[in-house]
Student: 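Questions regarding the structure given below will be posed in turn.
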Amino acid sequence: MLSSPAADLATDTQRPPRQYLPETFAVTDWAAIEPYFTELRDREITSAAELERWLLNRSELEAALSEDLAWRYIRMTCDTQDAARTEAFQFFVNEIEPHVAPYDHALNEKMLASEFLSELDEARYRVFIRSVRQALEIYRPENIALKTEISTQQQQYAALAGAMTVTLDGEELTLPRAADRLKSPDRQVRETAWRAVQERRLQDAKPLDELFTRLIGLRHQVALNAGFANFRDYMFAALGRFDYTPQDTLNFHRAIRETVVPLIDNLDLERRQDLNLPELRPWDLDVDVSGQAPLRPFETGAELLEKTTVVFDRLDPFLGQCLRTMGQMGNLDLESRKGKAPGGYNYPLDETGVPFIFMNATSSLRDVVTMLHEGGHAVHSFLTRRLPLGADKHPPSEVAELASMSMELLSLDHWDVFFSDPDELRRAKRTHLESVLETFPWVATIDKFQHWVYEHPTHSEQQRHARWVELFDEFNQRTVSWQGLEHIKPYLWQKQLHLYEVPFYYIEYAMAQLGAIAVWRNYRQNPQAALQGYQRALALGYTAPIGDIYAAAGIRFDFSTEYLRTLADFVQDEMARL
């Protein structure tokens, strides 16, 4: 259990007093912001202490802008059909961000040129300085307008996906709510729902393809402008992937195919036998093989929050207080509804330090996992909220997803809060552990697809569809019959919002899933030490390299075939004990 100073992080709801900006500062237009960037650019720095103060002042300005943008994004995704919310977000993207980028570059140059940079604590600032150098190297002024256009185009995905509904039994349902029917013991109900969802997606397949083609072209030009051969290589630099290369990820794909895909094949064969079916179809993969009704761990978003808080409390009262604080501040929007953007996220708010959780709950087990996952991200936000620099609070995704995926597994022993019946509890745990293994093939599919897409930026839609089908068949559902559904398979990638909104942010899920399994294995051996190591690692934020952060949690940053096989075997052993 954490000490009281850490506990205070979860109870303090106040934004720290500003030291540089006036308390009345607000993002109204660029004219209200520019004087602060100008002052930072022109300020004379005569000592290391003044350089550190300058860094803190710059960070405070960036945090204020970041939080303002965050709220615009949050409000827009909560209601994609509200034109005013979309316009407010677009105003920031079109009228603020393009002006910030040149100043950001100038401030990076000023910092690295300072004669006092070498006097800063090397251990404390090395990761930050490394990232600034990387940003400086890939910056190109001609990319400012392109990135604005990319951001504007990306918004179209949420609008298209958020408007998708189907009508089943006379009821209009969002796609997440319709997908709940895939858990029905009635095979006809499952098939009807699956076909309805897929056909609805196909209605927008053409505009989604065209949108993706536009994004590919814009992104490829950004890469060329920055001196890279393709957008994949550019993004490895932009994401600060200092610890592994594109070839390492391709090797990871191969390790997943050799190690995990056969395990999933066996699970699917067992599923077909348990369901007593001549063949598995895509709508047979989410139903419980016991033939029982779908698990309903909660009824409302409020109940989901309440039960998750109890689970967190059992692990450590600090964790539960994080969620209570968010609830008190209204920083949650949990239930699915028409017009809401798809997916789920935890959005850090850099000034207040209390994040916002967004998701589309429909009373399913998957929703419980999502809430635990985003709750792990939220805990990470709380543990880093008082780090001095904004950059310290934003570790790379390999670390961020370790926080969320570990929480899914660390909490397993307390899922009786959601499932009081022992049989339901066993079903829930087994279903989730199967999904943990299933994470790897799907991540490999999406990531390998992205490698191909951006290495071949002039490909046709037909070539894109063909390559997707090849990759899907390489990693997924190899014992499932798609007969008569061949027209659907080429478009399955369009449901993955990461491809549209956060390109190349996906392989980290598989890397972090390995780390999370390792954290959980430690927890099985020594719960208190593992939980303390988990929180100690998260509290580092991004003040240390990825490998050091993983080491603080008592695990390795390793995605070799051997390590993958060892941890996959551990998951299988845990499943056998249920």
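Remember, predicted model here, so these are calculated numbers, not experimental data. Along the sequence shown, the residues carry numbers beginning at 1.
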Student: With sequence neighbours left out, which residue pairs that include part of residues 75-84 fulfil the salt bridge (charged side-chain N to carboxylate O under 4.0 Å, His left out) condition?
Tutor: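 Those involving residues 75-84 are D82-R85.
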Student: Between D286 and R366, does any side-chain N to carboxylate O distance fall below 4.0 Å?
Tutor: no
Student: If we ignore hydrogens and angles and just use 3.5 Å, is the side chain of Y454 paired with the main-chain N or O of I216 as donor and acceptor?
Tutor: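 No; zero donor-acceptor contacts below 3.5 Å.
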Student: Restricting to side-chain hydrogen bond (donor to acceptor under 3.5 Å, both in side chains), what partner residues turn up for Y506, sequence neighbours left out?
Tutor: W442, Q496
Student: Could you work out, with salt bridge (charged side-chain N to carboxylate O under 4.0 Å, His left out) as the rule, every residue matching D68, not counting sequence neighbours?
Tutor: R72
Student: Measuring from atom CG of L499 to atom CG of L211, what distance do you get when rounded to the nearest 0.5 angstrom?
Tutor: 11.0 Å
Student: For the residue pair H432 and W415, does the interplanar ring angle fall in the parallel (under 30°), tilted (30 to 60°) or perpendicular (over 60°) class?
Tutor: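 Tilted.
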Student: Side-chain contact test, heavy atoms from C-beta onward, threshold under 4.5 Å: evaluate it for V166 versus E199 and give yes or no.
Tutor: no
Student: Taking T384 for its side chain and A539 for its backbone only, find out whether a donor-acceptor pair lies under 3.5 Å.
Tutor: no
Student: Backbone N or O of L21 within a donor-acceptor pair of the E60 side chain at under 3.5 Å?
Tutor: yes
Student: Which label fits F449 and F212: parallel for a plane angle under 30°, tilted from 30 to 60°, or perpendicular past 60°?
Tutor: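 Rings of F449 and F212: parallel, under 30°.
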Student: Enter the distance from K495:NZ to I446:CD1 here, rounded to the nearest 0.5 Å.
Tutor: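 Spacing of NZ (K495) from CD1 (I446) equals 8.5 Å.
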Student: Set out, in order, the CA-CA distance, both residues' side-chain angles and the distance that settles side-chain hydrogen bond (donor to acceptor under 3.5 Å, both in side chains) for D313 and H414, then state yes or no.
Tutor: CA-CA 10 Å; D313 274 334; H414 305 289; over 6 Å; no
Student: Taking the six-membered ring for Trp and the single ring otherwise, decide whether the centroids of Y491 and H465 are under 6.0 Å apart.
Tutor: yes
Student: State whether a side-chain donor-acceptor pair under 3.5 Å links R324 with Q321.
Tutor: yes
Student: Taking only residues two or more places apart in sequence or in another chain, which ones pass side-chain contact (heavy atoms from CB on, under 4.5 Å) with A400?
Tutor: H377
Student: Which atom pairs, donor and acceptor, lie under 3.5 Å between side-chain atoms of residues 95-105 and protein residues at least two apart or in another chain?
Tutor:
unit_1: Y103; atom_1: OH; unit_2: E34; atom_2: OE2; d: 2.8
unit_1: Y103; atom_1: OH; unit_2: T38; atom_2: OG1; d: 3.4
unit_1: D104; atom_1: OD1; unit_2: R58; atom_2: NH2; d: 2.6
unit_1: H105; atom_1: NE2; unit_2: E109; atom_2: OE2; d: 3.3

Student: For residues R181 and T192, is any side-chain donor paired with an opposing acceptor at under 3.5 Å?
Tutor: no
Student: Quick one about E401 and S404 (side-chain donor to acceptor, distance below 3.5 Å, no hydrogens or angles considered), yes or no?
Tutor: yes
Student: Any side-chain to backbone donor/acceptor pair from W468 onto K489? Under 3.5 Å, distance only.
Tutor: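 Yes, the answer is positive, given that a donor and an acceptor are paired below the 3.5 Å cut-off.
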Student: Please check if the side chain of S406 supplies one atom and the backbone of A403 the other of a donor-acceptor pair under 3.5 Å.
Tutor: no
Student: First locate atom CG of N476, then atom CG of L471, and finally report the distance between them rounded to the nearest 0.5 Å.
Tutor: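 Reported value, rounded in 0.5 Å steps: 9.5 Å.
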Student: Quick check against the 3.5 Å criterion: does Y20 have a side-chain atom that pairs as donor or acceptor with the backbone of Y36?
Tutor: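 Yes; at least one donor-acceptor contact below 3.5 Å.
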Student: When you measure from the side chain of D169 to the backbone N and O of E171, does any donor-acceptor pair fall under 3.5 Å?
Tutor: no
Student: Strictly distance-based, threshold 3.5 Å: is any side-chain N or O of Q134 a donor or acceptor partner for the main-chain N or O of G240?
Tutor: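 It does not hold such a pair.
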Student: Can you list every salt bridge (charged side-chain N to carboxylate O under 4.0 Å, His left out) pair that touches residues 382-392, not counting sequence neighbours?
Tutor: D12-R386, R124-D392
Student: How many angstroms lie between CD in Q155 and CD in E501, if you round to the nearest 0.5 Å?
Tutor: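 Atom-to-atom, Q155:CD and E501:CD are 9.0 Å apart.
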Student: Once the angle between the rings of F504 and F231 is folded into 0 to 90°, is it parallel (under 30°), tilted (30 to 60°) or perpendicular (over 60°)?
Tutor: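 Ring orientation of F504 relative to F231: tilted.
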Student: Taking atom types as modelled, is there a side-chain donor on Y345 or T77 under 3.5 Å from an acceptor on the other?
Tutor: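 Distance-only check passes for Y345 and T77.
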Student: Rounded to the nearest 0.5 Å, what separation is found between the OG atom of S151 and the CG atom of L146?
Tutor: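 Output value for this atom pair is 12.5 Å.
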Student: Could you pull out all residues at least two apart from D333 that satisfy salt bridge (charged side-chain N to carboxylate O under 4.0 Å, His left out)?
Tutor: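 Once residues adjacent in sequence are excluded, the partners of D333 under the salt bridge (charged side-chain N to carboxylate O under 4.0 Å, His left out) criterion are R337, K340.
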Student: If every non-hydrogen atom of L402 is compared with every non-hydrogen atom of Y534, which pair is closest and at what distance?
Tutor: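 Looking at all heavy atoms of both residues, the closest pair is O-CE1, 4.1 Å.
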Student: Who pairs with V417 by side-chain contact (heavy atoms from CB on, under 4.5 Å), at least two apart in sequence or on another chain?
Tutor: K307, V310, V311, R314
Student: Would you tabulate the side-chain donor-acceptor contacts of residues 354-362 under 3.5 Å, counting partners in other chains and residues two or more places apart, or write 'none'?
Tutor:
unit_1: N360; atom_1: ND2; unit_2: A341; atom_2: O; d: 3.0
unit_1: N360; atom_1: ND2; unit_2: G343; atom_2: O; d: 2.9
unit_1: T362; atom_1: OG1; unit_2: D180; atom_2: OD1; d: 3.0
unit_1: T362; atom_1: OG1; unit_2: D180; atom_2: OD2; d: 2.4
unit_1: T362; atom_1: OG1; unit_2: D367; atom_2: OD2; d: 3.3

Student: What pairs with E351 under side-chain contact (heavy atoms from CB on, under 4.5 Å), at least two apart in sequence or on another chain?
Tutor: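 If we apply the side-chain contact (heavy atoms from CB on, under 4.5 Å) test to E351, skipping adjacent residues, the hits are R15, R18, A63, A64, E67.
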Student: Using the salt bridge (charged side-chain N to carboxylate O under 4.0 Å, His left out) criterion, which residues pair with E508? Sequence neighbours excluded.
Tutor: R241
Student: Return the set of residues passing salt bridge (charged side-chain N to carboxylate O under 4.0 Å, His left out) with E191 (not counting sequence neighbours), or none when no residue passes.
Tutor: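 Counting only residues at least two positions away or on another chain, E191 forms a salt bridge (charged side-chain N to carboxylate O under 4.0 Å, His left out) with R195.
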Student: Please determine, by modelled atom types, if Q153 and E149 share a side-chain donor-acceptor pair under 3.5 angstrom.
Tutor: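 Present: a donor and an acceptor within the cut-off.
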Student: Between Y542 and P395, which heavy-atom pair has the shortest distance, and what is it?
Tutor: CB-CA, 3.5 Å
Student: If I take atom OG from residue S66 and atom OH from residue Y347, how far apart are they, to the nearest 0.5 angstrom?
Tutor: 5.5 Å
